[in-house]
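Comments concern the structure below.
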Amino acid sequence: MSADYDLASPGAAELFESLRAFGYDLPTALADIIDNSISAQARNVWIDMKWAGPESRIVIRDDGRGMAEAELLQAMKPGSHSPLANRSKNDLGRFGLGMKTASISQCRCLTVLTKAVGFDQALRRWDLDYIASTGTGEWRLLKRPDLLDDADHELLQGHPSGTILFWDRLDVLVGTAPADDDTAQKHFRERADAVKQHLAMVFHRFLRGCGAITIHMNGRAIEPWDPFLEDIKFTEPLSAETLISDGQRAEVKPYILPHHSRITADQHQAAAGPKGWNAHQGFYIYRNRRLLVAGDWLGLGIQKEEHFKLARIRIDLPNSADLLWQIDVKKSRARPPAALRRDLQRIARTARNRASSIYRHRGKIIQRQLGATEAFLWTHLTKHGKSFYRINRDHPLVRKVLDSAEERAPVQALFSLIEQTIPAPLIVINNAEKPDAFGQPFEGAAKELQLAMKAVFDALIEGGRDRVEAARTLLAMEPFNNHPDIVTAFLDKVARETAGRKK
């Protein structure tokens with residue numbers, strides 16, 4: 001009697017090639033590996049990216065609890081755990097695919113060497129080229145100790161436990177580029193920098209505070225990137241809320257980041273994050289403190305716009321909410337349940353309105369400090385419903401130039417020409433395409449900034465201000481208020497020169 005079913009086992013070579021197309025890039029792949037290290041209670045993770053052309057290698061090592069041989073064999077099986085199974089509340093995994101799919105998305109040869117307390121070292125390897133060469137379709141998991149050389153084995157010697165992943169044949173990152181290919185090597189290093197930025201963001205809550213872990217990238221500890229600037233006093237946290245859907249809790253807390261005039265240029269640049277200020281506005285979804293989504297309005301019908309870029313909203317989820325929030329295998333996408341959409345829209349609207357008001361009112365504060373007539377070099381005018389920008393004739397330096405000109409007509413004509421030919425359409429297009437690509441005023445031009453600063457300071461003095469009042473005005477005037485360290489150094493120099501004259 002024939003069976004009522006066929007065995008339709010997938011071919012190993014074919015399925016592995018399909019699994020490589022899950023959509024990982026190098027940073028997300030390495031983040032998935034670190035999840036396993038954290039779940040294994042590692043205190044340190046070391047990532048070494050070694051350039052050697054086709055022999056380039058990535059090694060990820062941790063000092064976690066490691067695995068005995070039977071546990072390693074289970075972990076190397078694709079789909080080693082059911083996503084429906086109950087997990088430890090601190091487990092960062094879900095599908096039982098992460099270590100394998102993340103690794104083979106970047107390399108064709110994955111070797112895992114591990115050691116648990118009281119057990120000998122255990123080794124297993126998935127070699128995609130070897131599997132394809134057999135032509136059998138069998139899932140042949142290699143296990144000979146001589147697959148690694150003595151130096152590799154020694155990395156675990158002297159340690160009670162730990163796990164090492166070796167990624168070889170990095171065809172996605174390196175391909176067949178020779179070791180002396182400078183362009184390929186530069187790309188390799190740029191991807192290493194991208195990894196560092198991504199890990200600093202994804203694991204920032206693990207990299208600080210009590211029980212912090214350390215992630216070492218090519219020998220250097222990665223510093224956390226906090227998207228909410230919680231250590232800066234001008235950051236404004238709004239009220240937290242707990243939302244519940246299908247018995248799953250979501251802790252939501254908005255933060256309004258400071259206007260750029262209230263933080264240093266370095267703080268402003270760092271807070272922009274890997275993708276820039278505009279890209280990083282929105283919701284930040286965490287699962288067990290691990291960041292999944294960094295800056296997204298979650299399909300709530302909200303667009304990313306310049307005036308709302310100070311709004312960042314944290315959502316904390318337990319790992320039991322994975323299915324409800326549609327978290328994907330790569331842990332880089334999540335979607336809120338329909339029952340919470342209206343509440344999230346309400347919270348987003350409140351945060352965005354507050355962020356927008358910071359922009360509007362900060363300009364008014366500067367105007368009140370200085371007087372509207374000299375606050376800015378440019379003034380905004382509206383005529384017949386259209387916007388125009390005009391050089392502020394009451395700005396101290398502009399007034400000095402006009403007053404000292406032998407012929408004012410050519411200067412006025414030059415100002416008018418500049419005003420009428422501002423490439424506004426091009427600026428709008430560039431800002432829409434790359435909203436964070438514009439440089440800050442005097443960025444990387446400290447000498448030019450100092451010259452402009454001195455010219456404005458002299459104009460204020462010549463206009464009748466005493467030095468103290470001129471100094472106070474300069475500190476609050478745009479764009480100098482964005483460079484308080486340079487302004488302070490300049491004013492210190494002026495004070496020393498003044499004291500020298502009095503002697």
Side-chain angles (χ1 to χ4, degrees), residues 22-24 28-29 31-42 45 62 64-65 67 71 74-75 77-102 199 201-213 227-228 239-255 282-300 312-348:
F22 260 39
Y24 284 98
T28 56
D32 220 337
I33 302 304
I34 293 175
D35 286 340
N36 293 331
S37 297
I38 293 174
S39 295
Q41 301 175 354
V45 180
D62 70 45
R65 62 174 177 262
M67 293 174 279
E71 189 179 1
Q74 178 64 24
K77 294 179 180 178
S80 54
H81 300 283
S82 168
L84 302 178
N86 290 327
R87 298 289 180 98
S88 162
K89 67 178 183 178
N90 296 319
D91 195 340
L92 296 179
R94 168 58 56 182
F95 294 94
L97 289 169
M99 181 179 72
K100 286 77 66 176
T101 54
L199 300 183
M201 177 177 66
V202 168
F203 297 105
H204 74 93
R205 294 170 77 179
F206 290 89
L207 296 174
R208 61 187 304 176
C210 182
I213 69 168
F228 309 108
S239 298
E241 294 190 39
T242 299
L243 306 179
I244 300 177
S245 177
D246 288 354
Q248 299 294 338
R249 298 167 65 91
E251 306 291 339
V252 186
K253 187 174 182 63
Y255 292 83
F283 288 97
Y284 286 68
I285 299 181
Y286 294 81
R287 172 180 173 269
N288 286 356
R289 299 192 301 139
R290 193 266 202 205
L291 182 60
L292 305 180
V293 176
D296 193 288
W297 290 117
L298 305 180
L300 297 174
R312 296 177 181 177
I313 306 170
R314 187 173 71 199
I315 300 179
D316 278 303
L317 303 174
N319 63 6
S320 56
D322 287 5
L323 295 178
L324 182 66
W325 281 74
Q326 301 177 47
I327 294 171
D328 67 348
V329 173
K330 305 190 305 296
K331 288 170 276 191
S332 61
R333 183 188 65 83
R335 286 290 177 266
L340 299 184
R341 289 177 62 87
R342 184 170 296 178
D343 281 323
L344 293 175
Q345 287 171 332
R346 170 181 53 79
I347 293 170

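The figures that follow rest on heavy atoms only: side chains count, while hydrogens, waters and symmetry mates do not.
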Atom [atom1] of [X] and atom [atom2] of [Y]: how far apart are they, to the nearest 0.5 Å?
{"X": "Tyr284", "Y": "Asp296", "atom1": "OH", "atom2": "CG", "value": "10.0 Å"}
{"X": "Leu292", "Y": "Asp322", "atom1": "CG", "atom2": "CG", "value": "8.0 Å"}
{"X": "Leu300", "Y": "Asp343", "atom1": "CG", "atom2": "CG", "value": "11.0 Å"}
{"X": "Ile33", "Y": "Ile38", "atom1": "CD1", "atom2": "CD1", "value": "12.0 Å"}
{"X": "Arg65", "Y": "Glu71", "atom1": "CZ", "atom2": "CD", "value": "6.5 Å"}
{"X": "Ile34", "Y": "Ser39", "atom1": "CD1", "atom2": "OG", "value": "12.0 Å"}

Please give me the minimum heavy-atom distance between [X] and [Y], naming the atom from each residue.
{"X": "Ile213", "Y": "Ala42", "answer": "CG2-O, 3.5 Å"}
{"X": "Ala334", "Y": "Ile285", "answer": "CB-CD1, 3.8 Å"}
{"X": "Ala75", "Y": "Met99", "answer": "O-CE, 3.7 Å"}
{"X": "Asn288", "Y": "Pro318", "answer": "OD1-CA, 3.9 Å"}
{"X": "Phe203", "Y": "Ala31", "answer": "CZ-O, 3.4 Å"}
{"X": "Ala250", "Y": "Ile315", "answer": "CB-CG2, 4.2 Å"}

Check ion pair Arg249-Glu251 (N to O, under 4.0 angstrom): yes
Using the ring of each side chain (for Trp, its six-membered ring), is Tyr286 parallel, tilted or perpendicular to Phe228, with breaks at 30° and 60°? tilted
Which residue, Val252, Leu344, Leu298, forms the side chain to side chain contact (heavy atoms under 4.5 Å, CB included) with Ile313? Val252
Under the 3.5 angstrom rule, does the side chain of Arg289 hit a backbone N or O of Arg205 as a donor-acceptor pair? yes
So does Asp35 get a backbone contact from the side chain of Arg290, meaning a donor-acceptor N/O pair under 3.5 Å? no
